[in-house]
2 protein chains.
Amino acid sequence: MKDPMMRYPGYALRRASAAAMARLASDLAVLSVRPTEASVLMVVDANPGITQSEIGKLLDIARANMAPLASRLHKRHLMARARIDGRSQGLRLTEAGGVLVRRIEKIVTAYEAELLARIPAAHRAGFVAGVRALWGAWSQ
Amino acid sequence: MKDPMMRYPGYALRRASAAAMARLASDLAVLSVRPTEASVLMVVDANPGITQSEIGKLLDIARANMAPLASRLHKRHLMARARIDGRSQGLRLTEAGGVLVRRIEKIVTAYEAELLARIPAAHRAGFVAGVRALWGAWSQ
DNA sequence: TATTGTTATACTCTATAACTATA
DNA sequence: TATAGTTATAGAGTATAACAATA
């Protein structure tokens, strides 16, 4: 059986990312949190008072998709909203959100460590530099 | 504005893959073909007579999701089906499918070249080895 | 005019369960 | 019993268009 995709690094990138995301999702499932929600909570934790549109710019999530996402976290009492002006609202974690984000960070850190552990040490630095270069160069 | 995700290679992997896939999808759109469809056509081209479940194993696509995918390509007269036994059917490209897959390969090759070009030469080998290692180690 | 947030909607890919018919 | 293909359905993430309220 020939695998014509094997020769394409871009296809390997896709498969590596899909496998890694599936693993992260299953790790986070014990907290009933999805990867995208986890990243939003981590960004709010690092930037108290940040707005939805600012989060969207950092994480490349369209404003239209940030709305239900933020609303879900708000309804779970993980984030609080405070009006900045008539159209913006600053987000910050609630107490429960802070507790949760610390658990999330533990899981993410373990996941990231295992991910790097799967890459032969000799290629680790190149891998990290490579995905960072693609992220920066291709997210425009 | 702090970006707490920047330090995580796994997050960079996700963003790099998402950006690359968006680019590939837009490149392939001129042929009205999606990335997943393109990979199926390339696998059938390389393995005439292959079955749906074999394609699914190669590309990690569940049988349930292969059915509508294959049916779509069949309805577009890009693939032909020939019964192997009562439950399997061998797939091969039609004439039109063969013409299309050659156009797909041109686009994919150009896309892959540009992807590698975005990675500094010094990190290219490490990147490729890294995504391959993750693909192999984590797709189990 | 541009921006923030929102709603509605659709698309792509993936995941699970259940069913048939065959081996 | 196990396998190939199918159907139905749901979920996650993303994309576009349109709108109201505000700056």
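Reminder, nothing fancy here: chain letters follow the sequence lines and each chain counts from 1.
Between B/Arg7 and A/Glu112 no salt bridge is recorded (no basic side-chain N to carboxylate O distance below 4.0 Å).
Distance A/Ile61 CD1 to D/dA15 P: 11 Å, rounded to the nearest Å. Put simply, CG on A/Leu73 is 14 Å from P on C/dG5, counting in whole angstrom units. B/Leu28 has its CG atom 18 Å from the P atom of C/dC11, to the nearest Å. In this structure, CE of B/Met21 is placed 21 Å from P of D/dA12, rounded to the nearest angstrom. Rounded to an integer number of Å, the gap from B/Arg23 CZ to D/dT14 C1' is 19 Å. Atom CD1 in A/Ile84 sits roughly 10 Å away from atom P in C/dT4 (whole-Å rounding). Between A/Met79 atom CE and C/dG5 atom C1' there is a gap of 13 Å when expressed in whole angstrom units. Atoms CG (A/Leu59) and P (D/dA15) sit 14 Å apart, rounded to a whole Å.
Inspection of the B/Arg14 and A/Thr36 side chains reveals an N or O donor paired with an N or O acceptor under 3.5 Å.
Taking the side chain to side chain donor-acceptor pair (under 3.5 Å) definition, one finds that B/Gln89 meets it with nothing, sequence neighbours left out.
Taking the six-membered ring for Trp and thresholds of 30 and 60 degrees, B/Tyr11 and A/Trp135 have ring planes more than 60 degrees apart, a perpendicular arrangement.
Two residues are said to be in side-chain contact when any heavy atoms from C-beta on lie closer than 4.5 Å; A/Pro4 and B/Val43 meet this criterion.
Side-chain N/O atoms of A/Thr36 include one lying less than 4.0 angstrom from OP1 or OP2 on D/dG13. Regarding contacts with the backbone of D/dA4, a side-chain N or O of B/Ser53 is found under 4.0 angstrom from either OP1 or OP2.
Put simply, the side chain of A/Arg87 and the base of D/dT22 share a donor and an acceptor less than 3.5 Å apart.
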For a quick check, with a 4.0 angstrom heavy-atom cut-off, what is the B/S/- contact string for nucleotides 6-11 of chain D, read 5' to 3'? BBB---
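Annotation: of the two residues near DNA chain C, A/Ala22 and A/Gly90, the 5′-most nearest-nucleotide partner is A/Gly90. For the pair B/Asp60 and A/Arg83, nearest-nucleotide mapping onto DNA chain C gives the more 5' position to A/Arg83.
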Distance-only criterion, 3.5 Å: show the donor-acceptor pairs between side-chain atoms of residues 63-71 of chain B and protein atoms not counting sequence neighbours.
none

So B/Arg81 and B/Arg92, side chain to side chain contact (heavy atoms under 4.5 Å, CB included) or not? Walk me through it. CA-CA 7 Å; B/Arg81 293 164 156 166; B/Arg92 60 193 67 239; over 6 Å; no
